[in-house]
Amino acid sequence: LPVMTLARLAGLFLRYSTMLLDDAMRLHRQRFCLLPLKPKSKIPALRSWTRYQTDRPPVATLRKWFAGSTRKNMGVVLGPVSGGLICRDFDQMGAFDRWAGAYPQAAATLPQSETSRGRHVFCRAADRAVESVSPTGSTIIDYGDGELRGGGYSVLPPSVHESGKPYVWLIPPGEKVPCVDLRETGLAAAWAESPDNFTEETEEYRGQPKSTEATHEDRSRGSRGPL
């Protein structure tokens with residue numbers, strides 16, 4: 001490659017890694033339990049991330065993971081380890097638009113990121129909030145248009161999807177992520193035009209896998225507790 005092209009690529013990698021580390025430090029201060037993911041992937045870039053189900057990594061570990069010319073993606077472990085952080089994953093834009101139309105105040109204030117197919121909406125909620133709205137006590141509910149997740153992990157900006165599309169904050173988390181009632185904000189509901197009968201995850205993933213990576217992510221949760 002021409003020298004100028006190599007220099008430009010090196011500059012892009014440096015800007016990305018700087019943004020990644022800056023975001024990691026900011027989110028760590030907001031009690032997010034962060035994980036490094038493989039480049040353009042949802043798979044953890046760790047041999048095991050079991051310890052981070054209950055303990056957040058220290059700043060020195062975050063610097064090791066995200067500093068320098070890295071192309072890693074970044075994820076957040078949901079549940080108590082991240083201060084009760086919950087993600088409503090809308091895989092269908094139509095479903096997100098219907099929710100946003102019905103709950104405009106929540107849609108205008110809750111942290112949101114653009115994904116390859118839809119939106120991630122983040123909030124905090126009371127202890128075991130997802131389990132309390134789940135008939136089987138699951139930490140993850142599949143509504144057919146996406147999932148309500150109080151366990152497992154979600155991919156965060158500025159990560160890059162395997163398609164090459166970046167995850168982008170539309171409403172970045174402020175100093176405090178709002179704590180909400182999942183029913184009163186419509187997050188604990190299906191919003192597809194003709195929602196499938198939702199399934200619940202307990203010990204193993206029981207829905208149809210959307211991709212190889214999604215299967216890996218879901219099965220790597222293991223138990224029903226926060227991952």
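- Here the SG-NE2 distance, from Cys33 to His28, works out to 9.5 Å after rounding to the nearest 0.5 Å.
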Worked check of side chain to side chain contact (heavy atoms under 4.5 Å, CB included) between Val81 and Asp55: CA-CA 6 Å; Val81 72; Asp55 297 304; 5.7 Å; no

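- With rounding to the nearest 0.5 angstrom, the NZ atom of Lys40 is 8.0 Å from the OG atom of Ser163.
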- request: Begin with the C-alpha distance, continue with both residues' side-chain angles, and end with the deciding distance and a verdict on side chain to side chain contact (heavy atoms under 4.5 Å, CB included) for Asp145 and Asp91.
  value: CA-CA 6 Å; Asp145 59 17; Asp91 282 339; over 6 Å; no

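- For the residue pair Ser138 and Thr136, no side-chain donor N or O sits within less than 3.5 Å of a side-chain acceptor on the partner.
- Aromatic ring centres of Trp99 and Tyr143 lie farther apart than the 6.0 Å criterion allows.
- Minimum interatomic distance between Pro172 and Pro111 (heavy atoms only, all atoms of both residues): C-CB, 4.4 Å.
- Ile141 has its side chain within reach of Val130: a pair of non-hydrogen atoms, C-beta onward, lies under 4.5 Å apart.
- A heavy-atom distance below 4.5 Å is found between the side chains of Val155 and Leu37.
- Closest heavy-atom contact between Pro57 and Leu62: CG-CD2, 3.8 Å.
- Here the SG atom belonging to Cys87 is positioned 10.5 Å from the CD1 atom belonging to Ile140, to the nearest 0.5 angstrom.
- Shortest non-hydrogen contact noted between Gly150 and Ile86 is CA-CG1, 4.3 Å.
- Look at Arg117 and Asp89 and you find no salt bridge, because none of the NZ, NE, NH1 or NH2 atoms lies under 4.0 Å from a carboxylate O.
- Scored by the ring pair (Phe, Tyr, Trp, His ring centres under 6.0 Å) test, Phe32 finds no partners at all (sequence neighbours excluded).
- Closest approach of Arg31 and Arg56 over heavy atoms only: CA-NH1, 3.2 Å.
- Gly144 approaches Asp142 most closely through the heavy-atom pair N-OD1, 2.9 Å.
- In this pair, His120 and Phe122 present their aromatic rings perpendicular. The plane angle is above 60°, beyond the 30 to 60° band.
- In this structure, Trp65 CH2 and Met74 CE are separated by 11.5 Å, a value rounded to the nearest 0.5 Å.
- Taking OG1 of Thr61 as the reference point, atom CZ of Phe66 lies at 10.5 Å (rounded to 0.5 Å).
- Closest of all the heavy-atom pairs between Ile43 and Tyr153 is CA-OH, 4.2 Å.
- Counting heavy atoms from C-beta on, the side chains of Arg88 and Trp191 come closer than 4.5 Å.
- For the pair Ile171/Leu110, no side-chain contact is recorded, criterion being any heavy-atom separation below 4.5 Å from C-beta on.
- Counting only heavy atoms from C-beta outward, the side chains of Lys38 and Lys72 never approach each other to under 4.5 Å.
- With Leu156 as reference, Leu27 is the one residue of Asn73, Leu20, Leu27 to meet the side-chain contact (heavy atoms from CB on, under 4.5 Å) rule.
- Asp23 meets the salt bridge (charged side-chain N to carboxylate O under 4.0 Å, His left out) test with Arg26; sequence neighbours excluded.
- No cation-pi contact links Arg119 to Phe90, judged by a cut-off of 6.0 Å to the six-membered ring centre and 45° from its axis.
- A distance of 14.5 Å separates CG of Leu21 from NZ of Lys64, quoted to the nearest 0.5 Å.
- The aromatic rings of Tyr167 and His161 are tilted relative to each other, their planes meeting at an angle between 30° and 60°.
- Judged as a salt bridge (charged side-chain N to carboxylate O under 4.0 Å, His left out), the pairs with a partner in residues 163-183 (not counting sequence neighbours) are, in order, Glu114-Lys165.
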